[in-house]
Amino acid sequence: MGLLVQKYGGTSVGSPERIAAVAQRVSRAVANGDKIVVVVSAMSGETNRLVDLTNQFGGQPNEMHRDLVLATGEQVTVGLLCIALEKIGITAKGMLGWQVPVLTDNAHSKARIQNISGAHIEAVFEDHQVCVIAGFQGVTGQGDVATLGRGGSDTSAVAIAAAINADECQIYTDVDGVYTTDPRVEPKARKLNSITFEEMLEMASLGSKVLQIRSVEFAGKYKVPLRVLSSFTDENNEGTLISLDNEVSSMEQPLVSGIAFNRDEAKVTIRGVPDTPGAAFSILGPVSEANIDVDMIIQNIALDNTTDFTFTVNRNDFERTIEILKDTSDKLGARGVDGTCDICKVSIVGVGMRSHAGVASTMFKSLSSEGINIQLISTSEIKVSVVINEKYLELAVRALHDAFQLDKAPEKTAEKA
Ligand code: ASP
Ligand code: MG
């Protein structure tokens, strides 16, 4: 018997039938003796439809007004799930963000949760069996409805789990867990039984879309045990547990846990930059002033006192970045600017690589034996990323999946005495 938060995403509540199926699943947990707090998303497609509606009046709508519209998607699901639960004899109470309350800052459309009081949630269990809460929304200090950014109901669920000290936060979605890589690219991808928070954060920020990044950060910070499961498969499937890093000894970790990739980046280069102090700042200063996020940065060793400076940005910012760089190039007396959107980033991630050398070279060898040229490289303690031509993305992911034998469950190596 425990206190569980179960979050159901858009596809899990995408139709009255799906909502009835969720009610059944919740009722089985209740029969088990668990106290269940359910957090729901809007029905699939609904938030997009609402965003679209707010764009029908020309120009950018006021974010505060838009939040009033977007928050309605979740309200509908809360009510429908309560109806479905009562139909099968489970007493439920539904709550919107302001009723909990989920207190946020004033950053409408991407508000951050500041505080959640668990008292109203706990009180629900005095005369109801289940508490159903709208995800993705909260209320500002001024009393206005605010939303948390797309995918934000994951974060709602984790924050609520932290506030009521739940035993586990279960995120139900349409995939049955976190995979070694996207199964649409590599059919041999294997579901992981567990992954550490650190790895999950890297996977999420490198393009794996299973969980909103913020929810993973939150769970790591407040040590909320998090599990990703499918609401479409049978109940014996335990999904993927996102575990606290210190719970698993790194001796037991495979070198590489997963492969992430990202097609959203573009590469730009400014050539023949005079090699003087302040050059990097003169190049990146105007880029960051234009609010353009830079990812990888590479500066070559200077030859004849000039150097080439390359970095990656989001594809949406490509044209703007080139314009800015042309200007910088003229000012600095550089040789010119070029760039391409024809790239992708492929990364291997694993806390196990911290204690083992040679992971990067295995990666490079595997790419070279497929004839794939590496354009940029960056590394951190638990990941190695490369930029390659976009047309080799699938090939690279499959080659790396093979090279690190990710289709096989890792053997547990005995811990050193
Ligand atoms: N309904 C919101 C969205 O589609 C929040 C969520 O699903 O997590 O972004
Ligand atoms: Mg969602």
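Because the structure is predicted, anything quoted here is derived from the model rather than measured.
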Show your reasoning for whether side-chain contact (heavy atoms from CB on, under 4.5 Å) applies to Leu201 and Glu217. CA-CA 7 Å; Leu201 258 187; Glu217 285 168 357; 3.6 Å; yes

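- The side-chain heavy atoms of Gln299 and Val273, taken from C-beta on, include no pair separated by under 4.5 Å.
- Each of Arg271, Lys267, Lys326 was scored for a salt bridge (Lys or Arg N to Asp or Glu O under 4.0 Å) with Asp338, with one residue passing: Arg271.
- Residues Leu406 and Thr181 have side chains not in contact (no heavy-atom distance under 4.5 Å, counting atoms from C-beta outward).
- Within the 4.5 Å cutoff, no side-chain heavy atoms of Glu74 are placed close to those of Ser156.
- The closest donor-acceptor contact from the side chain of Asn314 to the backbone of Asn316 lies under 3.5 Å.
- Between the side chains of Ser231 and Arg18, at least one donor N or O lies within less than 3.5 Å of an accepting N or O.
- Considering CG of Asp182 and CZ of Phe261, their distance stands at 4.5 Å, rounded to 0.5 Å.
- Between Glu17 and Ser15, the side chains place a donor N or O and an acceptor N or O closer than 3.5 Å (distance only, hydrogens not considered).
- Using a 4.0 Å cut-off between charged nitrogen and carboxylate oxygen, Lys391 and Glu370 do not count as a salt-bridge pair.
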Side chains of residues 286-293: which donor-acceptor partners sit under 3.5 Å, not counting sequence neighbours?
{"residue": "Ser288", "atom": "OG", "partner": "Gly285", "partner atom": "O", "Å": "3.4"}

Under the side-chain contact (heavy atoms from CB on, under 4.5 Å) rule, what do Asp264 and Arg315 come out as? Steps first, then yes or no, please. CA-CA 6 Å; Asp264 300 335; Arg315 271 186 207 180; 5.5 Å; no

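- Looking at heavy atoms from C-beta onward, Phe311 lies in side-chain contact with Leu325 at the 4.5 angstrom threshold.
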Give the C-alpha distance, both sets of side-chain angles, the deciding distance and a yes or no for side-chain contact (heavy atoms from CB on, under 4.5 Å) between Met203 and Ile195. CA-CA 10 Å; Met203 296 287 279; Ile195 184 169; 4.2 Å; yes

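- Residues Glu323 and Arg320 are not paired through a salt bridge, judged by the lack of any N-O separation under 4.0 Å between the basic side chain and the carboxylate.
- Screening Leu400, Ile259, Val256 for a side chain to side chain contact (heavy atoms under 4.5 Å, CB included) involving Met363 leaves a single residue, Leu400.
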Criterion side-chain contact (heavy atoms from CB on, under 4.5 Å) on Thr54 and Phe57, from CA distance to verdict: CA-CA 7 Å; Thr54 64; Phe57 303 87; over 6 Å; no

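- Going from atom CD1 of Ile19 over to atom CD of Gln24 covers 13.5 Å, rounded to the nearest 0.5 Å.
- Ion pair Asp407/Arg190 not flagged as a salt bridge, since none of the NZ, NE, NH1 or NH2 atoms sits closer than 4.0 Å to an Asp/Glu carboxylate oxygen.
- Sorted pairs that involve residues 101-130 and meet salt bridge (Lys or Arg N to Asp or Glu O under 4.0 Å), not counting sequence neighbours, are lacking altogether.
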Check against salt bridge (charged side-chain N to carboxylate O under 4.0 Å, His left out), Glu199 and Arg354: CA-CA 12 Å; Glu199 290 170 324; Arg354 207 179 256 153; over 6 Å; no

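- Side-chain contact between Ser41 and Lys7: present, with at least one pair of heavy atoms (C-beta onward) separated by less than 4.5 Å.
- In this structure a side-chain-to-backbone donor-acceptor pair under 3.5 Å is missing from Thr147 to Phe136.
- Here the side chains of Met296 and Ser385 are in contact, with some heavy-atom distance below 4.5 Å.
- For the side chain to side chain contact (heavy atoms under 4.5 Å, CB included) test with Phe218, the passing option among Leu226, Asp154, Val158 is Val158; the others fail.
- Taking both residues in full, the closest heavy atoms of Thr233 and Arg25 are given as O-NH2, 2.7 Å, listed atom of the first, atom of the second, then distance.
- In this structure, the side chains of Asp144 and Asp67 stay at 4.5 Å or more apart for every pair of heavy atoms.
- Using a 4.5 Å cut-off on side-chain heavy atoms (C-beta onward), Thr140 and His108 make contact.
- With rounding to the nearest 0.5 angstrom, the CD atom of Gln137 is 9.0 Å from the OG1 atom of Thr72.
- Counting heavy-atom neighbours within 6.0 Å of Lys93 NZ, excluding the residue itself, gives a total of 12 or less.
- Not one N or O on the side chain of Gln75 forms a donor-acceptor pair closer than 3.5 Å with the backbone of Ala134.
- Rounding to the nearest 0.5 Å places CG of Leu229 at 8.5 Å from OH of Tyr8.
- Annotation: Tyr392, atom OH; neighbour count of heavy atoms from other residues, nucleotides and ligands within 6.0 Å does not exceed 12.
- Considering every non-hydrogen atom in both His128 and Ala92, the closest pair reads CD2-O, 3.5 Å.
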